2 protein chains.
Amino acid sequence: MPDTGLDWEERLKEYLSANDLRLTRQRRLIAEAFFESEGHPNIDELYLRVRRRAPHIGQATVYRTLRLLVDSGLAASSRFGGAATRYEASDDDHHHDHMICISCGLITEFSNDAIERLQDEVARAHGFEMRSHKMELYGLCRACVERGPATS
Amino acid sequence: MPDTGLDWEERLKEYLSANDLRLTRQRRLIAEAFFESEGHPNIDELYLRVRRRAPHIGQATVYRTLRLLVDSGLAASSRFGGAATRYEASDDDHHHDHMICISCGLITEFSNDAIERLQDEVARAHGFEMRSHKMELYGLCRACVERGPATS
DNA sequence: CTGCATGCAAAAAATTTGCATGAGG
DNA sequence: CCTCATGCAAATTTTTTGCATGCAG
């Protein structure tokens, strides 16, 4: 795996040309901001980040571009709790799920092949053709547990 | 199990009095409509249903009451895909998850103890104190698979 | 050049909140 | 009676859309 994690640009170009779409300055900037981001940014965070470099960009363009990234398979979206949609780069070969701390908001990723297999099995048993899935564990992260039943 | 599934009223009363809240006509009506409902109603559906019996009721009251039901543990909420929040009666002794058909919207429930156990295990391994979890499989239900790759 | 993309603002959709009035306990 | 609850409408929040103009190919 010689990859440094920077081939999203290639993949994006492929998707765009395959669909008669254009690689614009703002699409590149937004994608850049997205793939540079740690964690699970939401539209607001990406918008602010992109704006620093391109003050003229519109929020709608960020929404439109993130939808495009999701459609192309380069990004995945999730909504944790009731908050705004968050995005992350999708890793085709290794799906992962999330643990969300209900106290501090920390989002931790994990993956478990045994669970994945069981999910496939359950789906198959129902004649269901699974395309994707999503699993979220809510609770207290280690730090918040140790900090004890904090006064809210 | 002699229960006919009608003790929600008791449980609701308990929760209310324990929290200095009142059992109003509209709270009873909304809870009734909710527990009568099949499947996974959203606010709009509940609002329309309650309105038939109490034309004067406000949508905000439905929102407020459903939040109350969730807080009391009598109901659980989920957001499937990007749609409006849906609610269901919570079954304390048997958690279940959902399969959502991306073609026809059918929501099927399932539960799998092995998965639940693995979830606990994963959480524990991360020092995470799990309080609740949520798992959704997206894909095509049996009927939609059989119907074949419909022309959208 | 030609059509897709952008920016801006307005529109939608979902949910929450403020406030005067109503009604449980 | 006294407070909490309700109805209504306005406010919020998140996301989408319409349209004139811009720019990639």
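None of the values given here were measured: they were computed from a predicted structure. Below, chains carry the letters A, B, ... as their sequence lines are ordered, and counting in each starts from 1. Below, all heavy atoms of this structure are taken into account, side chains as well, without hydrogens, waters or symmetry copies.
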Assign B:R67 to base, sugar-phosphate, or nothing according to its heavy-atom contacts below 4.0 angstrom with the strands shown.
sugar-phosphate
Using a heavy-atom cut-off of 4.0 Å across all strands, would you classify B:R64 as base, sugar-phosphate, or nothing?
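Result for B:R64 = base.
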What residue pairs, at least two apart or across chains, pass salt bridge (Lys or Arg N to Asp or Glu O under 4.0 Å) with a residue in residues 87-113 of chain A?
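Every salt bridge (Lys or Arg N to Asp or Glu O under 4.0 Å) pair that includes a residue of residues 87-113 of chain A, provided the two are not neighbours, is A:R11-A:D92.
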In whole angstroms, how far is the [atom2] atom of [N] from the [atom1] atom of [X]?
| X | N | atom1 | atom2 | answer |
| --- | --- | --- | --- | --- |
| A:D44 | D:dT12 | CG | C1' | 13 Å |
| A:R22 | D:dT21 | CZ | P | 18 Å |
| A:L12 | C:dA5 | CG | P | 12 Å |
| A:R28 | C:dT6 | CZ | P | 12 Å |
| A:R27 | D:dC23 | CZ | C1' | 12 Å |
| A:Y63 | C:dA5 | OH | C1' | 19 Å |
| B:I57 | D:dC8 | CD1 | P | 10 Å |
| B:D71 | D:dA5 | CG | P | 13 Å |

Nearest to side-chain heavy atoms of [X], which nucleotide of [options]:
| X | options | result |
| --- | --- | --- |
| A:L21 | C:dT15, C:dG7, C:dC4 | C:dC4 |
| B:A60 | D:dA5, D:dA9, C:dT15 | D:dA9 |
| A:Q59 | D:dT15, D:dG7, D:dG25 | D:dT15 |
| A:Q26 | C:dA5, C:dG25, C:dG7 | C:dG7 |
| A:T24 | C:dG7, D:dC4, D:dA24 | D:dA24 |

Sidechain N-carboxylate O distance under 4.0 Å for A:R53, A:E36
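Answer for the salt bridge query: yes.
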Can you find a side chain N or O atom of B:T85 that sits less than 4.0 Å from OP1 or OP2 on C:dT15?
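Checking B:T85 against C:dT15: at least one side-chain N or O falls below 4.0 Å of OP1 or OP2.
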Do any side-chain nitrogens or oxygens of B:H56 fall under 4.0 Å of OP1 or OP2 in D:dC8?
yes
Is it the case that the side chain of B:E146 and the backbone of B:A143 share a donor-acceptor pair, with hydrogens and angles ignored and the cut-off at 3.5 Å?
no
Less than 4.5 Å apart, any side-chain heavy atom of A:T65 and any of A:Q26?
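No, too far: nothing below the 4.5 Å cut-off.
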Hey, can you pull the donor-acceptor pairs under 3.5 Å for the side chains in residues 12-23 of chain B, sequence neighbours left out?
from: B:S17; atom 1: OG; to: B:K13; atom 2: O; distance (Å): 3.1
from: B:S17; atom 1: OG; to: B:E14; atom 2: O; distance (Å): 3.3
from: B:N19; atom 1: ND2; to: B:Y15; atom 2: O; distance (Å): 2.7

